[in-house]
There are 2 protein chains.
Amino acid sequence: MKITFRDLSKELKNKNIRLSHQRLKVLEYVANNRCHPTVEQIYIHLHKEIPTLSKTTVYNTLNALIDAKMIKQITIEDNEARYDINTENHGHFKCESCGFIYDFEINIDSFDSKDLDGFKILSKDVYFKGICPKCIEQGNDNFN
Amino acid sequence: MKITFRDLSKELKNKNIRLSHQRLKVLEYVANNRCHPTVEQIYIHLHKEIPTLSKTTVYNTLNALIDAKMIKQITIEDNEARYDINTENHGHFKCESCGFIYDFEINIDSFDSKDLDGFKILSKDVYFKGICPKCIEQGNDNFN
DNA sequence: GTTCCTGCAAAAGCTTTGCAGAAGA
DNA sequence: TCTTCTGCAAAGCTTTTGCAGGAAC
């Protein structure tokens, strides 16, 4: 089910974030492209539609949406920030061969440790890395 | 138990990494300061002892040790790479108030998902964020 | 009309690269 | 002696900041 402009506008109004064409487009892209895009990918794609769009605006918007807790930043790799709108209980798997990031179901909420008694836990992230089946099939799994 | 120069030298020889004073010092620091230091912290500390040390060498050394799988890079935050020599089964908790990173015991090896049948899993990381007990006590937990 | 956003240019960080001299094996 | 490492300077990237004009409310 595709998320519409209208849904997103409502959501932004609820959070008291001023609506602008650029913001709606960035949010729409992240909402409908659940591939954990980088800033670069978002920019390249939207620049075709909105030639005046700047990367600054993409950064500003993403940061605003993070503050509003509408999206999450994924830091599975240190040289590229990625963004995800899906807040459900899942982990991220990054293929070290093709770079693609897969979601996988895992019951993160149930994770706990006796070492964290007294800690206020605000977020939990699970990151796996390895080689995906497609790359294994193509023989790209000899990373040692 | 403090890890000695001799232990580290052996380890490096086994991995066919050429020994140098700088490398041993960097490795010694990471081995004996299990606080997940940043490059900056390692550099600042060792620069006092070795005034000619450069950051390039710290980077080079850390990358060499990662390639040799002697240390791990932690990417819990996108603006700072951190390093950890402890390869045991544990997660990382970052306090959003004081920035300190705590280890906690958690049985990561047991984590699995039906979605990952056919995937070759090479590493698993669990990152939690929130507020640590010290900061809660000091009233620094009003992050909303 | 006020406030906030956009987008340019510049700056700020972090990390990597090229290379000449130095050190390890 | 031969290979590899060190450390400086410079470059490469990603992200943030300052600010004037423009858009949202």
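Just so it is clear: chains get the letters A, B, ... in the order the sequence lines come, proteins before strands, and each one is counted from 1. Nothing here was measured: the structure is a model prediction, and the numbers come from that model.
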Check your understanding: Phosphate oxygens OP1/OP2 of C:dC5: is one of them under 4.0 Å from a side-chain N or O of A:Arg23?
Key -> yes
Check your understanding: Does the base of D:dA24 carry an N or O that pairs as donor and acceptor with the side chain of A:Arg18 under 3.5 Å?
Key -> yes
Exercise for review: Using only side-chain N and O atoms of B:Tyr59, determine if any of them is under 4.0 Å from OP1 or OP2 of C:dT15.
Suggested key: yes
Practice item. Return yes when atom NZ of A:Lys15 has more than 12 non-hydrogen atoms of other residues, nucleotides or ligands closer than 6.0 Å, and no otherwise. Key: yes
Review point. Any idea how B:His36 and B:His92 line up, ring-wise: parallel (<30°), tilted (30 to 60°), or perpendicular (>60°)?
Key: perpendicular
Study note, to complete from the structure: From the candidates D:dT6, C:dT15, D:dT17, the one with an atom nearest any side-chain atom of B:Thr57 is D:dT6
Practice item. Using only side-chain N and O atoms of A:Asn79, determine if any of them is under 4.0 Å from OP1 or OP2 of D:dT14. Key: no
Check your understanding: Within this structure, what is the CD-to-P distance between A:Gln41 and D:dT14, rounded to whole angstrom?
Key -> 12 Å
Point to revise | Gap separating the CD1 atom of B:Ile76 from the CD1 atom of A:Ile76, nearest 0.5 angstrom | key: 13.0 Å
Review point. Has B:Ser54 got a side-chain N or O lying under 4.0 Å from the OP1 or OP2 atom of D:dC8?
Key: no
Check your understanding: In terms of ring plane angle, is the pair A:Tyr43 and A:His47 parallel, tilted or perpendicular, where the classes change at 30° and 60°?
Key -> tilted
Point to revise | Between P of D:dT16 and CD of B:Glu77, the distance in whole Å | key: 11 Å
**Study point:** Rounded distance in Å - NE2 (B:His47) to C1' (D:dT6)
**Key:** 14 Å
Study note, to complete from the structure: Rounded to whole Å, the CZ-C1' distance (A:Arg82 to D:dT15) equals 16 Å
Study note, to complete from the structure: Comparing nearest nucleotides in DNA chain C, the 5'-proximal residue of the pair B:Leu19, B:Gln73 is B:Gln73
Practice item. Establish, with yes or no, whether the OP1 or OP2 oxygen of D:dT16 is under 4.0 angstrom from a side-chain nitrogen or oxygen of A:Thr56. Key: no
Review point. Looking at B:Ser20, does any N or O in its side chain come under 4.0 Å of the phosphate oxygens OP1/OP2 on C:dA23?
Key: no
Check your understanding: Which whole-number value in Å describes the distance from B:Ile17 CD1 to D:dT6 C1'?
Key -> 16 Å
**Study point:** Separation of atom CG in B:Asn60 from atom P in D:dA9, rounded to whole Å
**Key:** 16 Å
**Study point:** Given D:dT16, C:dT15, D:dT6, the nucleotide with the shortest approach to the side chain of B:Val39
**Key:** C:dT15
Check your understanding: Atom CG of A:Leu12 to atom P of C:dC5: distance rounded to whole Å?
Key -> 11 Å
Check your understanding: For A:Tyr29 and A:Leu46, which heavy atoms make the closest approach, and how far apart are they?
Key -> CB-CD2, 4.3 Å
Review point. Within the pair A:Gln22 and D:dA23, is there a side-chain N or O less than 4.0 Å away from OP1 or OP2?
Key: no
Check your understanding: For A:Lys55 and C:dA9, what is the distance between atoms NZ and C1' respectively, to the nearest whole Å?
Key -> 15 Å
